[in-house]
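Notes for the one structure printed next.
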There are 2 protein chains.
Amino acid sequence: MSRSKPTIDDVARVAGVSRATASRVINNAPGASGPLRVRVHEAVARLGYRPNEAARALASGRPRVVDVIAVSCNLPGGWLGSNPYYGRVLAGMMPLLEGIGAQLRVHALTHESAAESLDEIAAGVTLGAVLSDITPALAARFHRRCRRVVSLVPTAETVPAMVADNIGGAYAAITHLHRLGRRRIAAIHGPAASTCAADRRIGHLRALQRLGAAEISAEAAFTREGGYDAAQRLLAQHPDLDAVFVACDLMAAGAVQALTAGGRRVPEDVSVIGFDDSVAAICANPPLTTVRLPVEEMAAAAVRLLLFGDIAPGHRQQFPAELVLRQSTARRDARGS
Amino acid sequence: MSRSKPTIDDVARVAGVSRATASRVINNAPGASGPLRVRVHEAVARLGYRPNEAARALASGRPRVVDVIAVSCNLPGGWLGSNPYYGRVLAGMMPLLEGIGAQLRVHALTHESAAESLDEIAAGVTLGAVLSDITPALAARFHRRCRRVVSLVPTAETVPAMVADNIGGAYAAITHLHRLGRRRIAAIHGPAASTCAADRRIGHLRALQRLGAAEISAEAAFTREGGYDAAQRLLAQHPDLDAVFVACDLMAAGAVQALTAGGRRVPEDVSVIGFDDSVAAICANPPLTTVRLPVEEMAAAAVRLLLFGDIAPGHRQQFPAELVLRQSTARRDARGS
DNA sequence: GATACGGGCGAGAGCGCTCTCACGGGAAGC
DNA sequence: GCTTCCCGTGAGAGCGCTCTCGCCCGTATC
């Protein structure tokens, strides 16, 4: 009647088998069978035994932890608190991990400490890491030290990645605005250092080229304030703009506020399309039409690859972007009064 | 020139000391001194040695992981992805943990699996757990199995907690609306099962009583849709309402949309105050006046208690709520046009 | 009936680290 | 000069688990 937690030896003793057999049963490994399995399971239940993860990790060399790493590109204030995108990443991974009893470790790094912390994580025991917002150089460095890694953003070529079709999403957004009859389409892009932002810009430019339209754009940080200020600037320079494509919902929400403050009605006077389909999109008023990336699925796919897959350098899997229509691009004739 | 990771034995050999001394130096423990410290540090640097966390945890029985647990009360879709509040919790904890090399494990549980998963976590090795959205019964159960736990919501009395002044915050919000001249103040509350929601309602009722005003309120889930629908209902029943206090920004954003759709101008016709000061508050249009809880500080305090403190059952620390003024309650006379 | 084979099971050796304890030598006390 | 003490150091015993290896016994093969 010891007070301390039962160990596998206790289980083995109670079940009347060897520790090895107990281990086999507990891990569902072959080589133990029939009545013994039952006895071990009974003992586990009776003692309330729970395997010690640290011991498992140490003995097997195979940990059950997945790391999620984000290096704030332009949000020194800490990305987690300010961008709802990351919540979707975690939410997407959770069910899979829960399912196999693996755990999720979160790392939010700033640029200053990133390199060192990344080395630390790479050197540690991990099932693998999912990189979220990170520069190609850092991603490549991490990949060199730890092969079990998947990026959720387009990054250095060698690093395996689940990439969303940012280019196609932006292209579809611009095309949609054009189809609505908009001819003075402005864009607010994210910081050029972000690979996502860069891809969204490419899609934007391609669409413009195809449509034979001129570029009107501004660059801003991925924050509401960034979007607000950029929209104000655009409005000052191009008072006749009738649509804004914004590379992130958070910025788009700010842009809508700036447009409203500038006396424009959304969507009657100006159509707005955001990007990400985050909580910011549904909280904006009016709710934002946005480009939805299957973030949860991408995160889940990353975990699946990490856990069960064969991670080849340069592995890439693309996910489609989808335009989610909400009021910020509602047709003028579809609005009452 | 082994290919595998250096161990502490390698460090000891290179430094010409015993493993024990190497361990002492690496852990900054007393009992090793002078030149030996230098030699060990040199060896560590030369080999690129990183301690194996699993082995450390096993040998010392003292893990370096803090668990964050949230049980979605009314958001079966997974809270993480949909409520920006949690991002702030994680962001608040991160710097402290990074500082001492501890890690953050995230658990998002659903009600069905909560009990079992909680037992699992309680039985595992952890520096302690921070409970976020959880019912008192589950919190108490967890606390019984694992003393190192701090809740971020008011919960069972025995469970140590960092609690925000939800009552005072709601009271201040209602009082502020009244001071603005609003006399038909409605409220949208969260689900009664949530202790936070309950406290906010208490503050609301207290203020009403003090002001001699009648209660107009509705209950909804902590989602945008919940807020939207509740606002619509309130508007139908009380077309003359001139203010709405909403127990969560996400709901408040929905409420603003419903008010706008119902032909009301915010803040000219109806003042709106949200709760939490989350990203939803700044993304709403107009941006929401809201009750800010020092979530980051609370989370940090919880971690500090877990790491360094003396956790007595029933320990409680209260944090003030602060009204953040934004446009959704701007004075009518302060608006142009 | 003797030999070969195979699958179930147990013994035991680590995984990399922490921590206790015993030892040795130098400083302090008489 | 001897004892006492203490501090710095090293040896070694685990922490709880996984996994390899070899034993044993039951079945198949001739």
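This one's a predicted model, so the numbers in the text were calculated from it and none came from an experiment. Chain letters run A, B, ... following the sequence lines, proteins first and then strands; every chain starts at 1.
For A:R37, the salt bridge (Lys or Arg N to Asp or Glu O under 4.0 Å) criterion is met by no residue, not counting sequence neighbours. For A:T195, the side chain to side chain contact (heavy atoms under 4.5 Å, CB included) test picks out A:P136, A:V153, A:P154, with sequence neighbours left out. Every residue two or more places apart in sequence or in another chain that forms a side chain to side chain contact (heavy atoms under 4.5 Å, CB included) with A:A299 is listed here: A:V89, A:M93, A:L152. Under the rule for a salt bridge (Lys or Arg N to Asp or Glu O under 4.0 Å), A:R316 has no partner lying at least two apart in sequence or in another chain. In this structure B:E42 satisfies the side chain to side chain contact (heavy atoms under 4.5 Å, CB included) test together with B:V38, sequence neighbours excluded. The salt bridge (Lys or Arg N to Asp or Glu O under 4.0 Å) search around A:R24 returns none, not counting sequence neighbours. Every residue meeting the side chain to side chain contact (heavy atoms under 4.5 Å, CB included) condition with B:R19, not counting sequence neighbours, appears here in chain and number order: B:I8, B:D9. Judged as a salt bridge (Lys or Arg N to Asp or Glu O under 4.0 Å), and not counting sequence neighbours, A:R147 has no contacts.
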Show each protein N/O and nucleotides 19-21 of chain D N/O combination with a separation under 3.5 Å, one pair to a line.
unit_1: D:dC19; atom_1: OP1; unit_2: A:R62; atom_2: NH2; d: 2.4

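Taking a heavy-atom distance under 4.0 Å as the criterion, the stretch of DNA chain C touched by chain A extends 5' to 3' from C:dG8 to C:dG16.
Toward the 5′ end of DNA chain D lies the nearest nucleotide of B:P30, the other residue of the pair B:P30 and A:R56 mapping further downstream.
Among the protein residues, B:P51 comes within range of the sugar-phosphate backbone only, with heavy atoms under 4.0 Å from sugar or phosphate atoms but none that close to a base.
The end-to-end axis angle of the helix from C:dG1-D:dC30 to C:dC30-D:dG1, rounded to 10 degrees and based on five pairs per end, is 40°.
The main-chain N or O of B:V17 is never found under 3.5 Å from a side-chain atom of B:T21 such that the two would form a donor-acceptor pair.
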Scan the side chains in residues 63-71 of chain A for donor-acceptor partners under 3.5 Å anywhere in the protein, sequence neighbours excluded, and list what turns up.
unit_1: A:D67; atom_1: OD1; unit_2: A:R105; atom_2: NE; d: 2.8
unit_1: A:D67; atom_1: OD1; unit_2: A:R105; atom_2: NH2; d: 3.2
unit_1: A:D67; atom_1: OD1; unit_2: A:H107; atom_2: NE2; d: 2.5
unit_1: A:D67; atom_1: OD2; unit_2: A:R105; atom_2: NH2; d: 2.9
unit_1: A:D67; atom_1: OD2; unit_2: A:T126; atom_2: OG1; d: 2.6

